[in-house]
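Proteins get letters first, then strands, A, B, ... in listed order; numbering begins at 1 in each.
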Protein chains: 2
Amino acid sequence: MLTTQRRALISARLARDGEIVAKRMADELNLSEDTIRRDLREMAAEGLLKRVHGGALPLAPPLPNFAARQEIAGDVKWRLGRKAAAMIEAGQTIFLDGGTSNAEIARALPREMPITVITHSPTIAAELERHEAEVILIGGRLYKHSMVATGAATIAAIAGVRVDLFFLGVTAIHPAHGVSTGDFEEAAVKRAILGQAAEIYVLATAEKFGAVSPHRVAGIADLTGFIVPEETGAETLAPYEDADIAIVRA
Amino acid sequence: MLTTQRRALISARLARDGEIVAKRMADELNLSEDTIRRDLREMAAEGLLKRVHGGALPLAPPLPNFAARQEIAGDVKWRLGRKAAAMIEAGQTIFLDGGTSNAEIARALPREMPITVITHSPTIAAELERHEAEVILIGGRLYKHSMVATGAATIAAIAGVRVDLFFLGVTAIHPAHGVSTGDFEEAAVKRAILGQAAEIYVLATAEKFGAVSPHRVAGIADLTGFIVPEETGAETLAPYEDADIAIVRA
DNA sequence: ATATTTCGTGCAATATCGTGAAGAGTCAAG
DNA sequence: CTTGACTCTTCACGATATTGCACGAAATAT
C-alpha cells in the first residue's frame, strides 16, 4: 500500500466514522503504530485533522450517522467482529457462516492478510471484494431469509473443503439444548460445516443465551468457544463455563 | 515492447486497479524500475497521472473497483437492464452472468414474477435478496475483479443446470473475433454456461462494438441476439446484422 | 498512587528517487 | 556498408523517504 493511499484512507475513515484509533488502523493495515502515528502527526500539521491522544478526530463535525452508529447495537457486533478477526492468523483457512455478525468479521479482516475465506453467503462474499483473501464461494439454493446457500449441492460442496476456523452463526444458545437455529435446511448446512472444521467459535450477543430455536445445530461441548461482548454478565455465562470451552471477551 | 504500448498498459492498469506500484510493474514487464519510473515521471508531466512515492495514482477520483463502476454505470445500463428484464417470462429459468449490466437486470426484475435465477456472482445474488425468484448460487473460487466464481468447481456446478435464457456479459464484441473478455478463467466459465442455455443475449453498450479482448467466448453466430441502447448507430451494428441475430433495442 | 497505554524522538535498515554515464538498437545521410 | 545522430534502456551512486524499534516522557486508566 502506497503512503498516499494510506493517508487517503485515513481521511476517508475519518469522514465516515468520525474518528481514527491509531492502534486499530495499524492492525487493520498490518503496519506498526509508529507509521500510523506519524501519518496522523503530519496530517495534523497540514491541517487535515485534529490529533488527539489515541488517534485523531475530524476538524469538521462528523456526518450525522455517526451518533447513531455509536449508540445502536451495531457497535456490539462490530466489537465482536474485531475480536473474531483478531483470532485469525496468516495462512489459515476460515469458514464464515452467514448473518450480520459474520459480515462484521469480514469487514474487520485485515485487508492484506494472506488467508483463505470460505463462505456460502453471497453477502459475505460481496463484503470481501476488496480484501486480499482468497475467497471460495459455496453454491446451492439461496435461502433468502439468511442469505446463505442451502440444500444438497451446498452440503456436497462443503464436503470438499477443510478449514482451521469456523465462525458459526446461530439464533439461540442453551446449556442443555446446545446451539440452534430457525431453519431446518440451514441447520443441516451448519452441521455439515462443523464436521469440516478444526475449531468452532460462536459469536454470541447476550440475548441469545438461554434461548432455544427449533433446529439444533450442535451441543455446547462441540464448540471450541464463544466470543461475547465485554459486558456480558457472569450469571449469563456461568452455565456454559463448565463445558470447558473458551469464552473470548471483546 | 514498445514505449507506446507500455504507457498504454500503465494507463489501463491505473484505470483498472487504481494504482501503479513501480516495482511490481517493472517485475511484471521484465524491465528495470528506471524505465517504469521514467514513464511515470513523464506521464505525470503530461498530466495523465499523479506521481507518488512508490508508484502512481489516477488523477481523477480513482476507482477501479466493482462498487464504483456500478455507481457510474448510469442511465444507459439501467435502460438495457429494463429491456432485458422485459424479455423474461414467468416460469422461466435464467442465468445471469456477472458484471454491472447484469446487476441492472437483477434490479429490474419484476419482484413477484415466479422465475428461477441462476448466477455465479455473489453481487448479483445479493441484489436478489428481496425478490421472489428462486435463486441458485453457483460456487467456486471468487475472481474479485469481476466478482464471479470461476474454476473447476464452477464449471462442474454449471454442468448440472439448464436455462432458458442466458444474459452474457463480455467486454468486447467484434464481427470476426466474436465476443471476448479479459480473463482466461472467466471466459471458460462463460463458455460452459453457453452450452447449457437455449437462448443467449449480450447486453452491449456502444463502446464494446469493434473491440477485441484476449479471451474469446463465442462467435457472433452462437448468440441469439444483442440488447443495445436505442441510440446505437446503424453503422456500428451493420456488420453484426448479417449474422442473423436479433438486435433488441432499449 | 500505581500500572498501562500512548506519545515523540532519535536511530538504523531498507526502499525509492533522480541524475548522469554507458551500452544497445535504429535510421538515414554519406 | 559505414558513420554518426538519436532514442531507449540499464547500471551506478549519492540523496531522500519510509518504516520499525528502542527509550524516556506524558497521558490515561485502575
Closest-nucleotide ordering on DNA chain C, the 5'-leading residue of A/Ala22 and B/Ala22: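 The 5'-side residue here is A/Ala22.
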
Report the distance from atom [atom1] of [X] to atom [atom2] of [N], rounded to the nearest whole Å.
X       : N      : atom1 : atom2 : result
A/Leu31 : D/dT18 : CG    : P     : 13 Å
B/Glu42 : D/dT7  : CD    : C1'   : 11 Å
B/Arg38 : C/dG20 : CZ    : C1'   : 12 Å
B/Leu40 : D/dT9  : CG    : P     : 13 Å

Pair B/Tyr240 and B/Phe226, ring centroids less than 6.0 Å apart: yes

Sugar-phosphate, base or nothing in reach of A/Val21, heavy atoms under 4.0 Å: nothing

Main-chain N/O of A/Arg82 paired to A/Arg24 side chain as donor or acceptor, under 3.5 Å: no

A/Thr4 (side chain) donor-acceptor with B/Val52 (main chain) under 3.5 angstrom: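 No; zero donor-acceptor contacts below 3.5 Å.
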
Distance-only polar pair, side chains of A/His120 and A/Asp97, donor-acceptor under 3.5 Å: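 Yes, side-chain donor-acceptor contact under 3.5 Å.
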
Candidates C/dT5, D/dA17, D/dT10 - which lies nearest the side chain of B/His53: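 Selected nucleotide (nearest to the side chain): D/dA17.
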
Nucleotide of C/dG8, D/dG20, C/dG18 approaching B/Arg51 most closely (side-chain heavy atoms):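 For B/Arg51, the side-chain atoms sit closest to C/dG18.
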
5′-ward residue of the pair A/Arg6/B/Thr35 relative to DNA chain D: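 Of the two residues, B/Thr35 wins.
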
Base of D/dG20 paired with side chain of A/Arg37 (donor-acceptor, under 3.5 Å):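 Such a pair does not exist between side chain and base.
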
